[in-house]
Asks: 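Can you keep this structure in mind? I'll have questions shortly.
Indexing begins at 1, ligand by ligand and atom by atom, following the structure's order.
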Amino acid sequence: MAWKPKLHYLNARGRMESIRWLLAAAGVEFEEKFIETREDFEKLKKDSGLIFQQVPMVEIDGMKLVQSRAILNYIAAKYNLYGKDIKERALIDMYTEGMADLNEMILTLILCPPNEIDAKTALIKEKVTTRYFPAFEKVLKSHGQDYLVGNKLSRADIYLVELFYYVEEIDPSLLANFPLLKALKTRISNLPTVKKFLQPGSQRKPPLDAKTLEEIKKIFDIK
Ligand SMILES: N[C@@H](CCC(=O)N[C@@H](CS)C(=O)NCC(=O)O)C(=O)O
């Protein structure tokens, strides 16, 4: 059997899900080792020498990589999803850093105290519709091409489409006024590798539920 990258994280989206998306879109099969208890996490820290005592960690090409952005950069470069030159790479970095800012807001929503959830949700919706989606619609309009950078699929397209699915979970209407983004979503979702990842039973993870959140808080000692 061919060697596969091994992903060490929770059985949840968190900071690993974009890595799962990128590998899946690149057509790379991967294994997952889930951290299910505080003891699992302590053991992983001890046995694998996690440099910052944090996950995600990905075993790939003889390395044990941590820091989600570093992992994404490596996978994107390895599978030719990171532009053809340093200018394209700079654009891809610029766009994906904006996407990472939005993702961080979405990712941390569930950690908000209940009395702050509505305000934070409203803020996300406002940023989506007045900042992030208009920015990426404008990029696509400016060059009239099918992909964000270099007329070729890159990690930026994959990350943005991943975010479309999260945003739709918050409010399915938010993409309505952005025709080029809607077309991008359809185009990327129909790539055979992505289509497969979107099918039930894939390694894509569902939204976090309250029970799993409580388990995660125990594992990471979050008060
Ligand atoms: N900048 C890091 C942040 C990693 C991070 O915060 N990991 C959390 C889980 S999502 C963790 O391991 N927390 C345990 C701890 O910090 O002790 C990345 O992007 O990978």
Asks: Identify, by atom number and element, the atoms of ligand 1 in contact range of Tyr9, meaning under 4.0 Å from any of its heavy atoms.
Replies: 10 (S)

Asks: Ion pair present between Lys152 and Asp146, side-chain N to carboxylate O less than 4.0 angstrom?
Replies: no

Asks: For ligand 1 and Val55, I'd like to know whether there is a polar contact (N/O to N/O, distance under 3.5 Å).
Replies: yes

Asks: Are Trp21 and Tyr159, when compared by the centres of their aromatic rings, separated by less than 6.0 Å?
Replies: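 Not close enough - the centres of the two rings lie 6.0 Å or further apart.
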
Asks: Can a salt bridge be assigned to the pair Glu29 and Arg20 using a cut-off of 4.0 Å between side-chain N and carboxylate O?
Replies: no

Asks: Compute the ring centroids of Phe41 and Phe220, then answer whether they are less than 6.0 Å apart.
Replies: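 They qualify: ring centres under 6.0 Å apart.
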
Asks: Which residue holds the protein heavy atom closest to atom 14 (C) of ligand 1, what is that atom called, and what is the gap in Å?
Replies: Phe220 CD2, 3.7 Å

Asks: Who's the nearest protein heavy-atom neighbour of atom 1 (N) of ligand 1, and how far?
Replies: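 It is Gln67 OE1, 2.7 Å.
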
Asks: Check salt bridge (Lys or Arg N to Asp or Glu O under 4.0 Å) between Lys127 and all other residues, then give those that pass, not counting sequence neighbours.
Replies: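 None.
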
Asks: Considering only the protein, which heavy-atom contact is closest to atom 17 (O) of ligand 1, and what is its distance?
Replies: Gln53 O, 3.9 Å

Asks: Treating Ile, Leu, Val, Met, Phe, Trp and Tyr as nodes and any side-chain heavy-atom pair under 4.5 angstrom as an edge, say whether Leu191 and Ile158 lie in one connected cluster.
Replies: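 Leu191 and Ile158: one cluster.
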
Asks: Is the shortest side-chain heavy-atom distance between Phe178 and Leu140 below 4.5 Å?
Replies: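 With C-beta onward as the side chain, the pair stays apart.
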
Asks: Just which atoms of ligand 1 are under 4.0 Å from any heavy atom in Pro56?
Replies: 20 (O)

Asks: Among Met57, Gln54, Glu104, which one has a heavy atom closest to atom 15 (C) of ligand 1?
Replies: Gln54

Asks: As a check for students: among Ala12, Ala100, Ser68, identify the option with a heavy atom nearest to atom 20 (O) of ligand 1.
Replies: Ser68

Asks: Any nitrogen or oxygen of Arg69 lying under 3.5 Å from a nitrogen or oxygen in ligand 1? Just yes or no.
Replies: no

